[in-house]
There are 2 protein chains.
Amino acid sequence: MAGRAPTIRDVASRAGVSVATASNVVNGNRPVGEASRRSVVAAIAALGYRLDRSASALRGKSTRLVGMVVPDITNVFFASLVHGVEALAERDGYDLLIVSSSEDAAKERRRVEALVARRIDGLIVVPASDDSMAAVGGGAHAARLPPAVLIDRGAGAPGFDTVHADCDAGGYAAARHLIGLGHRDIAILTHSKRLENIEQRIAGARRALVEAGLEGRERVIYGGHDLESLRGAIELELHRADCPTAIFALTNVCALASIKAARGLNLEIPSDVSIVGFDDFDWMLALRPYLTTVAQPVEDFASAAWRLLMLRLSAGEKGVERVELPCTLRVRESTGPARPRLKAVAEA
Amino acid sequence: MAGRAPTIRDVASRAGVSVATASNVVNGNRPVGEASRRSVVAAIAALGYRLDRSASALRGKSTRLVGMVVPDITNVFFASLVHGVEALAERDGYDLLIVSSSEDAAKERRRVEALVARRIDGLIVVPASDDSMAAVGGGAHAARLPPAVLIDRGAGAPGFDTVHADCDAGGYAAARHLIGLGHRDIAILTHSKRLENIEQRIAGARRALVEAGLEGRERVIYGGHDLESLRGAIELELHRADCPTAIFALTNVCALASIKAARGLNLEIPSDVSIVGFDDFDWMLALRPYLTTVAQPVEDFASAAWRLLMLRLSAGEKGVERVELPCTLRVRESTGPARPRLKAVAEA
DNA sequence: TTGAAAGCGCTAACAC
DNA sequence: GTGTTAGCGCTTTCAA
């Protein structure tokens with residue numbers, strides 16, 4: 001029965017008004033008289049008309065399309081970010097184009113260009129590296145980026161609004177907690193160097209160490225992005241004679257890797273080794289002992305990023321805004337008093 | 001320096017060819033002479049031209065946009081599905097619009113209509129219920145759905161290609177394993193009734209019970225969608241005097257809830273209660289004891305769904321295809337011999 | 001193999 | 001408040 005889908009012209013002619021009026025009813029850009037409005041609404045219902053966003057995207061200045069780039073959607077931290085942003089986008093009538101960078105700046109660039117080719121209104125990115133997005137904006141024939149908000153990483157990148165946690169404070173709190181329990185040899189496990197947020201977690205921990213007169217007692221271990229290589233890296237460290245009495249894992253995947261490594265080596269947590277993780281998600285609450293962790297306010301990340309993006313879309317140019325959100329140390333069961341060091345035991 | 005972004009006309013005029021030729025170079029729809037091709041390519045490079053997909057979407061028949069609907073992206077099962085599909089989409093030059101239904105059929109419908117308004121070429125959906133997508137396709141002025149593939153649920157829905165696991169076999173294997181260990185009272189924990197894949201997991205378990213002469217010994221517990229309500233539901237069951245000696249958790253979230261409940265009640269796994277989970281993800285490997293589980297081939301779900309969609313986009317009408325993939329029982333440490341029933345102990 | 005021209009469905013000037 | 005109209009940038013007949 002239905003031939004083509006009805007267009008705005010069909011609606012207009014059935015309602016006995018002009019296409020402009022019909023259009024204005026559909027997306028209240030300009031006021032419309034009550035009588036016209038009612039007949040347009042009736043025509044829309046009768047015909048089953050639906051706005052074709054492809055067409056309005058081409059003609060109008062807004063596509064109501066926002067791009068989102070994450071390193072890896074299977075990481076619950078990024079998935080939660082997507083979840084939060086998607087809900088906000090729906091509320092405000094936007095659709096989300098989601099792409100994955102696989103932690104690769106080159107791929108990220110390609111994916112962003114694909115998004116730009118869709119004429120997205122804005123962009124929310126957890127960049128693969130701190131400066132990767134700045135690189136996309138530069139160059140001879142660089143993609144002209146729409147307003148973009150960076151989450152979690154790239155906090156200092158010029159030209160972008162950013163949302164990130166107070167990682168220094170988070171690292172400081174975690175290390176202080178461990179030091180307070182008597183730990184003197186702390187391994188810090190992370191996936192990657194040269195990421196500002198990671199550097200700051202380390203810096204915070206270092207600050208606590210220095211304050212306690214333990215300068216240089218931390219060892220930073222870089223384990224790469226996947227669980228197994230992280231586990232391998234920390235396992236190696238735990239095998240040493242002077243192995244650490246505590247691990248500070250700088251991401252949720254690092255925490256998982258640390259736990260697996262400890263388990264694999266038959267080390268009791270926390271009596272043999274204490275663990276402080278990062279982030280706080282459901283699966284952590286199935287572990288026993290419950291994981292002591294530095295929680296990031298991931299829902300607030302999403303809402304702050306969305307707010308910043310909407311602000312910039314409506315307000316246009318203004319100074320770059322940087323939102324810093326607090327971390328919370330959640331002390332649970334995976335941290336306890338440091339065991340006597342092996343050396344000390346031997347000497348005794 | 002750059003005014004507007006260069007269009008295909010700019011490219012054509014700089015290359016000294018018609019826009020048609022330029023277009024044909026960009027998206028090899030028709031053969032182009034070598035000389036023209038080279039000058040067009042040169043012009044594209046010189047100008048930094050980029051195809052505007054908004055425009056080609058409007059004019060052409062394909063948008064190279066695919067919609068994906070999942071109940072909840074923070075569930076690692078769905079996130080993995082998205083991850084797999086996104087990689088394939090990128091490979092084939094498609095972009096993914098991802099929306100969340102929150103397990104709500106009405107919201108799902110709204111979100112799908114938003115996707116259809118974008119003229120998506122195709123749709124991949126984990127539907128909120130088995131018939132929710134059929135409902136979207138029906139009705140007086142129903143959204144004209146593009147080719148759609150259903151994953152995980154809605155296996156019998158008419159008019160859709162589907163990809164799902166052999167849940168009956170999965171349920172059967174899990175139950176047989178428990179029965180073999182001497183379990184006679186098995187609680188089955190699930191989030192929702194009236195989902196065919198869930199019903200089949202139950203049916204498979206029932207079949208194993210019947211075979212063992214234990215008809216009607218299972219108890220099915222419906223705990224809702226969130227972790228805490230699931231935990232509450234199974235905890236209630238574990239509190240009973242005639243509490244089950246084993247739990248078969250029908251999703252990964254149900255497994256998490258079961259573990260939390262057992263831990264909360266100070267029940268040892270598996271000596272007090274055995275647990276079989278569903279799905280197999282990283283966090284499960286941080287648990288001790290390691291979880292016995294029915295793994296679904298989630299990567300294969302994604303690739304089968306994508307293959308089906310691409311097939312239908314190129315081939316058009318043909319019979320509906322249904323792909324059923326095998327589950328694998330992974331026996332680990334969370335299942336063990338049934339403890340003597342309390343009643344039996346009392347009688348002794 | 002190529003070019004000219006007609007729109008895709010809509011929005012935004014601009015007129016009234 | 002409303003109508004008329006000119007395109008957005010592209011793909012695709014149709015004709016050469």
Side-chain angles (χ1 to χ4, degrees), chain A residues 2-41 43-44 47-65 93 116-121 143-144 146, chain B residues 2-41 43-44 47-65 93 116-121 144:
Chain A
R4 310 168 350 285
T7 75
I8 191 97
R9 302 182 105 92
D10 300 327
V11 171
S13 78
R14 188 179 222 274
V17 299
S18 73
V19 288
T21 300
S23 171
N24 286 327
V25 170
V26 172
N27 46 45
N29 280 357
R30 283 193 325 193
V32 172
E34 184 53 20
S36 314
R37 207 191 57 76
R38 292 164 73 97
S39 58
V40 169
V41 168
I44 288 174
L47 296 171
Y49 168 78
R50 275 161 172 88
L51 215 204
D52 183 333
R53 290 208 169 275
S54 265
S56 43
L58 178 57
R59 192 53 177 87
K61 30 204 55 175
S62 160
T63 55
R64 295 198 90 73
L65 220 42
V116 170
R118 297 275 179 199
R119 291 197 180 189
I120 48 172
D121 288 348
R144 284 151 271 292
Chain B
R4 308 167 351 286
T7 76
I8 191 98
R9 301 183 105 91
D10 300 325
V11 171
S13 79
R14 188 178 223 274
V17 298
S18 73
V19 288
T21 299
S23 170
N24 287 327
V25 170
V26 172
N27 46 47
N29 281 357
R30 284 192 326 193
V32 171
E34 184 54 20
S36 313
R37 206 192 58 76
R38 292 165 73 96
S39 58
V40 170
V41 168
I44 288 173
L47 297 171
Y49 167 78
R50 275 163 173 87
L51 216 201
D52 182 333
R53 290 209 168 275
S54 264
S56 42
L58 178 57
R59 191 57 176 84
K61 33 204 52 175
S62 160
T63 54
R64 294 197 92 73
L65 220 42
V116 170
R118 296 277 179 198
R119 288 197 181 187
I120 48 172
D121 287 348
R144 285 151 273 292

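Order of the sequence lines sets the chain letters (A, B, ...), proteins ahead of strands, with each chain counted from 1.
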Notebook entry, point to check: Starting at NZ of Lys61(A) and ending at P of dT11(C), how long is that distance when rounded to a whole Å?
Noted result: 13 Å
Next item on the list: Could you state the atom-to-atom distance from CD1 of Ile8(A) to C1' of dC8(D) in whole Å?
Entry: 16 Å
Notebook entry, point to check: Going by heavy atoms in the side chains, are Val32(B) and Val40(B) under 4.5 Å from each other?
Noted result: no
Check: For dT2(C), does OP1 or OP2 lie under 4.0 Å from any side-chain N or O of Thr21(B)?
Finding: no
Note to self: Output the rounded distance in Å from CZ (Arg119(A)) to P (dC8(D)).
What the structure shows: 10 Å
Checklist line | Position toward the 5' end of DNA chain C (nearest nucleotide), Arg59(B) or Gly33(B) | finding: Gly33(B)
Item checked: Length of the CZ-C1' vector between Arg38(A) and dT2(D), whole Å -> 19 Å
Note to self: Let's go through Asp52(A) and Arg119(B) carefully: what are the C-alpha distance in whole Å and the side-chain angles of both, what is the deciding distance for side-chain contact (heavy atoms from CB on, under 4.5 Å) to 0.1 Å, and is it a yes or a no?
What the structure shows: CA-CA 7 Å; Asp52(A) 183 333; Arg119(B) 288 197 181 187; 2.5 Å; yes
Next item on the list: Calculate the interatomic distance between Leu51(A) atom CG and dC8(C) atom P; express it in whole Å.
Entry: 17 Å
Item checked: Under 4.0 angstrom between Ser36(A) side-chain N/O and dT2(D) OP1 or OP2 -> yes
Note to self: Let me spell it out: for each of Val26(A) and Arg37(B), pick the nucleotide of DNA chain C with the closest heavy atom. Which residue's pick is nearer the 5' end?
What the structure shows: Arg37(B)
Next item on the list: Examine dT11(C): is either OP1 or OP2 under 4.0 Å from a nitrogen or oxygen in the side chain of Asn24(A)? Give yes or no.
Entry: no
Margin query: Quick check: closest heavy atoms across Pro6(B) and Leu47(B), and the distance to 0.1 Å?
Written below: CG-O, 3.5 Å
Check: To the nearest angstrom, how far is Arg30(B) atom CZ from dT11(D) atom C1'?
Finding: 10 Å
Item checked: Under 4.0 angstrom between Asn29(A) side-chain N/O and dT11(C) OP1 or OP2 -> no
Next item on the list: Would you tell me if any nitrogen or oxygen in the side chain of Ser18(B) comes within less than 4.0 Å of OP1 or OP2 on dG3(C)?
Entry: yes
Notebook entry, point to check: OP1, OP2 of dT11(C) versus side-chain N and O of Ser23(A): anything below 4.0 Å?
Noted result: yes
Next item on the list: Give the C-alpha distance, both sets of side-chain angles, the deciding distance and a yes or no for side-chain contact (heavy atoms from CB on, under 4.5 Å) between Val41(B) and Val25(B).
Entry: CA-CA 8 Å; Val41(B) 168; Val25(B) 170; 4.2 Å; yes
Checklist line | Rounded interatomic separation in angstrom, taking CZ from Arg9(B) and P from dG7(C) | finding: 15 Å
Notebook entry, point to check: What closest approach, in Å, do Arg118(B) and Arg64(A) show between heavy atoms, and which atom pair accounts for it?
Noted result: NH2-O, 2.5 Å
Note to self: Just the rounded figure in Å: distance from P of dT12(D) to CG of Leu58(B).
What the structure shows: 12 Å
